[in-house]
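Order of the sequence lines fixes the chain letters, A, B, ..., with proteins taken first and strands second; residue numbering starts at 1 for each chain. All of these numbers come straight from a predicted model, not from anything done at the bench.
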Protein chains: 2
Amino acid sequence: MRKPQAKGGGEAAVDFGRLPGYIGYQVRQTQSAIFRDISRSIGECGVTPGEFSLLSMLASNPGLNSITLARLYRLDKATLSLSLKRLAGRGLIQTDRSEEDRRYSSLRLTPAGRKQLRRATRRIEMQERAMDAVLKPGEREQILDLLQRIAGAFDR
Amino acid sequence: MRKPQAKGGGEAAVDFGRLPGYIGYQVRQTQSAIFRDISRSIGECGVTPGEFSLLSMLASNPGLNSITLARLYRLDKATLSLSLKRLAGRGLIQTDRSEEDRRYSSLRLTPAGRKQLRRATRRIEMQERAMDAVLKPGEREQILDLLQRIAGAFDR
DNA sequence: TATTGTTATACTCTATAACTATA
DNA sequence: TATAGTTATAGAGTATAACAATA
């Protein structure tokens, strides 16, 4: 218990206290390490992790509307509206009004969006392979399961 | 493979594609669920997760300087300067110039900061207990280990 | 010259509130 | 009246660049 957690660099004798024993803390640190790694190749990859999720969802669910996306990711519709506007501005998605109910927009990837998604997917999967390099057989499934259960604990 | 990952809500038949199989994706979702949960009681708790880390570090390492903190958390010194300014403005920390080398500041909690940290710690540990409720014996140690190894894979 | 720290500026992500168009 | 979507505004969190003080 209370094992200090060295983190590289020559900061001898810094005491992390109980922080390393908190799952919340380690999830934050890990998320930040993963994000930093992707950011280093953001030019090569072209999209942020959040944008990658959105593009993937539209690839699997063409015609999806933004209120559904907002509910799935628990974002305010205004927040999502801005993200989608940016993606549309870059020509990666196309937003049309739905025929049946003209309040809804129908979202889908453009050809440029599909191409960008393929590029980003290659980069993301490279990163996942880098993680596999430090995991033993079965551990990927294990952590995916643990993370989903923990997130589920707060689904409320 | 390609198991769609239902996420509550009545969005029947939304296909998450490969996303649920990516560790990066699940870490992001979990971090976001944990953050949302803490945010709901931010008034009660008083500090953000990032501020909680900073206060904890200063509790365990009184007199720490900001460049060391910046290196540990891989933040730019300007970024950290702003966070510390906000904490100082709320009277939670006190920053003094070091005696030996007057370029350095010596950071420490004020009595109000110690009190706030105790309050936040109670809240954070409640959250950790909520996670334990969905974990079997040994699984907390398991996920802490897995997360640290994955973060370490990108330490570069 | 090099290092610590601050300030100015800018960009992303997020939310709330007020609005329009549609139902 | 209710819902989908947009815009305006504001607050964190992050970075880069330019600067001051100290070594």
Side-chain angles (χ1 to χ4, degrees), chain A residues 9-11 28-29 31-40 42-43 45-54 63-90 93-107, chain B residues 9-11 28-29 31-40 42-43 45-54 63-90 93-107:
Chain A
E11 272 80 24
R28 220 169 78 87
Q29 295 303 113
Q31 140 77 14
S32 145
I34 292 173
F35 183 78
R36 240 185 342 255
D37 178 69
I38 277 293
S39 297
R40 249 178 285 138
I42 202 73
C45 163
V47 299
T48 65
E51 291 173 337
F52 175 70
S53 287
L54 293 180
L64 208 62
N65 60 65
S66 93
I67 211 79
T68 303
L69 270 176
R71 273 197 285 261
L72 289 170
Y73 287 108
R74 301 199 198 237
L75 296 172
D76 191 273
K77 58 187 177 143
T79 301
L80 207 62
S81 182
L82 289 180
S83 301
L84 295 172
K85 190 170 147 188
R86 216 166 327 120
L87 290 173
R90 286 191 270 153
I93 67 172
Q94 137 194 22
T95 79
D96 309 292
R97 288 287 159 175
S98 159
E99 300 289 304
E100 315 111 44
D101 186 336
R102 299 187 47 70
R103 286 175 303 182
Y104 287 77
S105 59
S106 165
L107 304 166
Chain B
E11 273 81 19
R28 220 170 78 88
Q29 295 304 113
Q31 139 78 14
S32 145
I34 293 172
F35 183 77
R36 244 188 335 263
D37 178 69
I38 278 292
S39 297
R40 248 176 288 140
I42 203 73
C45 160
V47 298
T48 65
E51 291 173 337
F52 175 70
S53 287
L54 292 180
L64 208 61
N65 59 65
S66 92
I67 211 78
T68 302
L69 269 176
R71 274 197 284 261
L72 289 170
Y73 287 108
R74 299 197 199 240
L75 296 172
D76 191 90
K77 60 190 175 139
T79 301
L80 208 64
S81 183
L82 290 180
S83 301
L84 295 172
K85 190 168 146 187
R86 214 166 329 118
L87 290 173
R90 284 190 271 149
I93 66 172
Q94 136 193 22
T95 77
D96 309 292
R97 289 287 162 171
S98 159
E99 300 290 304
E100 314 112 41
D101 184 336
R102 299 187 46 72
R103 287 175 303 182
Y104 287 78
S105 60
S106 165
L107 303 166

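The distance from atom CZ of B:R74 to atom P of D:dA15 is 12 Å, rounded to the nearest whole Å. For the pair A:L84 CG and C:dT14 C1', the interatomic distance rounds to 14 Å; values are reported in whole Å. For the pair B:L107 CG and C:dG5 C1', the computed distance is 11 Å after rounding to whole Å. Atom pair A:I67:CD1 and D:dT6:C1' shows a separation of 12 Å (rounding to whole Å applied). With rounding to whole Å, B:R97 atom CZ is found 15 Å from D:dA20 atom P. As a whole-Å value, the separation of A:E99 CD from D:dA4 P is 18 Å. The nearest whole Å value for the distance from the CG atom in A:L80 to the P atom in D:dT6 is 9 Å. If you take CG of B:L75 and P of C:dT4, they are 15 Å apart, rounded to a whole angstrom.
The distance from the CG atom of A:N65 to the OG atom of A:S98 is 8.5 Å, given to the nearest 0.5 Å. Atom CD in A:E51 sits 10.0 Å away from atom CG in A:L84 (nearest 0.5 Å). Put simply, OG on A:S66 and CG on A:L54 are 10.5 Å apart, with the number rounded to the nearest 0.5 Å.
Residue A:R86 places at least one side-chain N or O under 4.0 Å from the OP1 or OP2 atom of C:dC13. An OP1 or OP2 oxygen of D:dA4 is reached within less than 4.0 angstrom by no side-chain nitrogen or oxygen of A:S66. Distances shorter than 4.0 Å separate none of the side-chain N or O atoms of A:S81 from OP1 or OP2 on D:dT7.
Looking at which nucleotide of DNA chain D each of A:A78 and A:R28 is closest to, the 5′-most match is held by A:A78. Mapped onto DNA chain D by nearest heavy atom, B:T79 and A:R103 fall at different nucleotides, with A:R103 at the one closer to the 5' end. Comparing A:E100 and A:D76 against DNA chain C, the residue whose closest nucleotide sits nearer the 5' end is A:D76.
When distances run from any side-chain atom of B:K77 to the nucleotides D:dT7, D:dT3, C:dG5, the shortest one goes to C:dG5. Of all nucleotides listed (C:dG5, C:dT22, D:dA23), C:dT22 comes nearest to the side chain of A:R102.
Side-chain N/O atoms of B:S32 and B:R28 include no donor and acceptor closer than 3.5 Å.
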